[in-house]
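Take a look at the structure below.
Just so it is clear, the model here is predicted, and its values are computed rather than measured.
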Amino acid sequence: LIAAQSIWVGGGIAILISVGGFYFADDLLRFMGAAPSIIENHGGFTKVMFVGSSTILFIFLLNGVFRGAGDAAIAMRVLWISNAINIVLDPCLIFGWGPFPELGVTGAAVATTIGRGVGVIIQLYYLFFAHHRIHISRSQLKPRLPLMLDILSIARGGVFQFFIETSSWVFLMKIVASFGATAIAAYTIAIRII
């Protein structure tokens, strides 16, 4: 029941992030210090990532459900599959290999969204049809506002902690952006390696 209500909560948050992020992507990049040419040429990446943020949100939310139910193997397999799809699709969509269109940097966002989306579909299959350790029935999907508010209340501390971490990264990127595009690229690569 909690997992089903978490899906509703996650869906609501995903819609807010996707819609807000899509419409304010250029403004966010501008705030972070991106040059107008970067916004014009690479703003598509940010927009696709915001629209696809629901897949990222759900893959981690549902993996938390599986881990909480003691089925971490499913969570691990889903991450392997989604990351493998992302790795294969990245060069295809960035460089336009084979039948794929050449999308440049935006292709990386499309590949990530597709890979995570496939992962979410696998997770939903396990939750609704596979009858593993945790199974969500149709009756449990009925929205229960008091339970959703309890979930939000319990998650408040973790959300605030994540917000502080993310906000600090945004402000650090704004500072790094003042040193130019090369510094941003180096900083981003270093963060990914870490």
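- Atom CG of residue Leu61 and atom CG of residue Leu57 lie 6.0 Å apart, to the nearest 0.5 angstrom.
- Pairs passing the salt bridge (charged side-chain N to carboxylate O under 4.0 Å, His left out) check and including a residue from residues 64-77, sequence neighbours excluded, do not occur.
- A search for side chain to side chain donor-acceptor pair (under 3.5 Å) contacts involving Ser18 returns Ser53, not counting sequence neighbours.
- Thr55 is not listed as a side-chain neighbour of Ile59, based on a closest heavy-atom distance of 4.5 Å or more.
- Within the structure, ring pair (Phe, Tyr, Trp, His ring centres under 6.0 Å) pairs that include any residue of residues 47-66 do not occur (at least two apart or interchain).
- Applying the side chain to side chain donor-acceptor pair (under 3.5 Å) criterion to Gln123, with sequence neighbours excluded, gives Asn63.
- No side-chain heavy atom of Val48 sits under 4.5 Å from any side-chain heavy atom of Leu103.
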Leu89 vs Phe100, side chain to side chain contact (heavy atoms under 4.5 Å, CB included): CA-CA, chis, key distance, verdict:
CA-CA 9 Å; Leu89 285 180; Phe100 297 97; 3.9 Å; yes

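- Once rounded to the nearest 0.5 Å, the distance linking CG of Leu127 with CD1 of Ile74 reads 8.0 Å.
- Counting only residues at least two apart or on different chains, the salt bridge (charged side-chain N to carboxylate O under 4.0 Å, His left out) pairs with a member in residues 34-53 are Asp26-Lys47.
- The ring pair (Phe, Tyr, Trp, His ring centres under 6.0 Å) pairs that include a residue from residues 1-36 are Phe31-Phe171, where partners are two or more places apart or lie in different chains.
- Closest approach of Val78 and Gly119 over heavy atoms only: CG1-O, 3.6 Å.
- Between Gly43 and Leu29, the closest heavy-atom pair is CA-CD1, 4.0 Å.
- Partners of Ser139 by side chain to side chain donor-acceptor pair (under 3.5 Å), not counting sequence neighbours, listed by chain and number: Ser137.
- Contact record, Ala14 with Ser54: CB-CB, 3.5 Å, taken as the closest heavy-atom pair.
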Run the side-chain donor-acceptor check on residues 146-162: report pairs under 3.5 Å with partners two or more places apart or on a different chain.
none

Donor-acceptor pairs under 3.5 Å, side chain of residues 104-113 to any protein atom, not counting sequence neighbours: which ones?
| unit_1 | atom_1 | unit_2 | atom_2 | d |
| --- | --- | --- | --- | --- |
| Thr106 | OG1 | Phe45 | N | 3.4 |
| Thr112 | OG1 | Asn86 | OD1 | 3.4 |
| Thr112 | OG1 | Asn86 | ND2 | 3.3 |
| Thr112 | OG1 | Ala108 | O | 2.9 |
| Thr113 | OG1 | Ala109 | O | 2.9 |

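- Residues passing the side chain to side chain donor-acceptor pair (under 3.5 Å) test with Arg144, sequence neighbours excluded: none.
- Legend: salt bridge (charged side-chain N to carboxylate O under 4.0 Å, His left out) pairs involving residues 100-128, not counting sequence neighbours: none detected.
- Residues meeting the ring pair (Phe, Tyr, Trp, His ring centres under 6.0 Å) test with Phe179, sequence neighbours left out: none.
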